[in-house]
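Following: one structure in structure tokens, then a few remarks.
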Amino acid sequence: MDHGSAHPAGHHAIPRAEPMLEVERRAGSLDLPILADLNPDPHVVEVNLRAMTAEVAYLPGKPVTAWTYEGRIPGPMLKANVGDRVIVHFTNQLPEATTIHWHGIRVPNAMDGVTAVMSPVPPGGTFTYDFVVPDAGAFWFHPHVRSDVQVERGLYAPFVVTDPAEPALSSTQDVVLLDDVSIDSVSGQPRGGHDARTEMMGREGNFILVNGGPANLVVPTDVGQARRWRIVNVANARFFRLAFHNGRMVQVGGDGGLLETPRELSEILVVPGERVDLIVWPTPSAAEASLRSLPYERAVGAGATTPLELIHLPGAPTAPATAPALPDALRPPLPPPPATGITRRVRLGERMSHGGFAFTINDQISPNVTVLDATRGTSEIWDVVNEADMDHPLHVHGFFFRPPGGAERKDTINIPARKTVRLVLEIDSRAGAAGHWMYHCHILEHAERGMMGEMRVR
Ligand code: C2O
Ligand code: CU
């Protein structure tokens with residue numbers, strides 16, 4: 001990263017990150033349970049879902065009371081086919097009001113789970129979410145009330161929408177949710193409280209979770225075979241700069257489903273809220289390959305994160321793994337976005353307010369950010385200008401945007417410190433597109449401390 005023109009953090013010097021806890025390698029699986037579909041109609045997925053407290057253990061024998069969907073972290077996976085109607089009978093058994101936001105799914109506005117469109121479901125209350133899923137891809141769901149606290153306590157789960165017409169890219173497929181928690185190394189209990197670093201950077205933990213269990217996981221199956229990993233960064237603030245050591249990785253998809261063509265990569269940055277769909281395989285003769293998160297400095301003066309071992313895959317030194325046969329085209333090219341409407345500048349910044357850090361959009365602090373008026377059936381150019389010395393991952397609800405290059409659809413993208421990124425937002429005119437849609441930094445502490453705005457679509 002080029003920091004040549006960036007300002008030093010100066011009097012906002014950022015305290016160093018706390019060291020990570022050492023975690024033993026352990027054998028395990030990436031399997032996640034799936035929510036039971038109670039509806040016999042093949043085009044309707046109807047489930048019951050509870051938010052509830054439950055005991056989980058981050059360290060063996062050290063139970064912790066977490067907030068969960070259905071008693072586990074992550075919550076069970078929601079699975080549907082593209083075009084299905086999804087009905088979720090939600091019950092809130094938590095001691096606090098909550099909602100569910102379907103991150104990345106183009107739901108009708110009334111189903112988006114934000115307080116601009118629904119009252120939070122009170123303790124003991126119920127709500128039925130009911131919508132059609134228009135796009136295939138790997139999505140996720142989480143609360144949109146006090147999200148910095150509620151997601152951190154364990155409320156998140158994957159939502160995979162499959163298109164039966166898409167090519168089968170691998171015989172094995174896993175959804176991998178990456179998270180971190182801050183826990184006491186002796187008691188195993190989460191540590192509350194915000195320190196000075198958290199105030200600025202959002203809360204990063206000292207303990208990495210892969211599908212709810214400790215990282216440094218060895219997946220001892222399918223020796224030497226290629227696997228498809230649909231990876232979701234559900235952490236409040238941690239950036240994962242992923243590399244596949246002793247192996248190769250090809251990106252086949254992202255937030256908005258499959259890419260047009262496979263892309264071989266040596267590394268990829270995955271910011272909070274973002275997804276990547278990867279095919280990975282050990283290189284011939286490697287005894288083991290591993291998914292790692294490389295050091296990354298996401299704020300000037302913050303220091304780089306330490307390298308992390310996430311998942312190990314056994315190789316096949318005697319029967320070398322071969323590259324999987326991937327089609328040249330994964331899907332037809334995207335149609336051009338609809339006729340351009342207007343160009344906006346969305347400036348991300350920060351300042352001191354009431355003795356603490358506040359994060360701003362066009363110099364305003366949520367909920368006092370001026371509402372953007374937008375029109376269905378247009379596309380808008382957003383020049384997102386990051387005026388801060390730290391990266392901010394921007395997420396837009398309800399609509400996809402095209403990042404520079406334009407060949408994919410995304411809903412979450414990193415806006416690097418002191419850089420401007422041009423996005424083309426596609427305000428489609430599907431039923432339910434009109435209404436109130438949020439856009440915000442997906443560092444959840446930043447969103448809750450001001451960096452969230454609303455777009456009103458008519
Ligand atoms: Cu994943 Cu508004 O959030
Ligand atoms: Cu941010």
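Start at 1 and go down the list; that is how both ligands and their atoms are numbered. Positions are given from 1 along the sequence. Quick caveat: nothing in here was measured; it's all calculated off a predicted structure.
Atom-to-atom distance recorded for T99:OG1 and H144:NE2 is 7.5 Å, nearest 0.5 angstrom.
Looking at heavy atoms from C-beta onward, F127 lies in side-chain contact with M118 at the 4.5 angstrom threshold.
For H397, the N, O or S atom with the smallest separation from atom 2 (Cu) of ligand 1 is NE2. If you look at H446 and ask which of its N, O or S atoms sits nearest the Cu ion (ligand 2), the answer is ND1. Within H392, the N, O or S atom at minimum distance from the Cu ion (ligand 2) carries the name ND1.
Ring centroid separation for the pair H397 and H440 comes in under the 6.0 Å cut-off. Between Y69 and F141, the distance from one ring center to the other falls under 6.0 angstrom.
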message = Walk me through whether E152 and R203 qualify under salt bridge (Lys or Arg N to Asp or Glu O under 4.0 Å).
response = CA-CA 9 Å; E152 178 60 20; R203 202 217 38 70; 2.4 Å; yes

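Ion pair D174/R230 not flagged as a salt bridge, since none of the NZ, NE, NH1 or NH2 atoms sits closer than 4.0 Å to an Asp/Glu carboxylate oxygen.
Less than 2.8 Å away from atom 1 (Cu) of ligand 1, the protein contributes these N/O/S atoms: H103 ND1, H142 NE2, H442 NE2.
In summary, of the residues considered (T172, L30, L291), a side-chain contact (heavy atoms from CB on, under 4.5 Å) with V219 occurs for L30 alone. A side-chain contact (heavy atoms from CB on, under 4.5 Å) with R458 holds for exactly one of T375, D373, I427; it is D373.
The distance from the Cu ion (ligand 2) to the nearest N/O/S atom of H442 is not under 2.8 Å.
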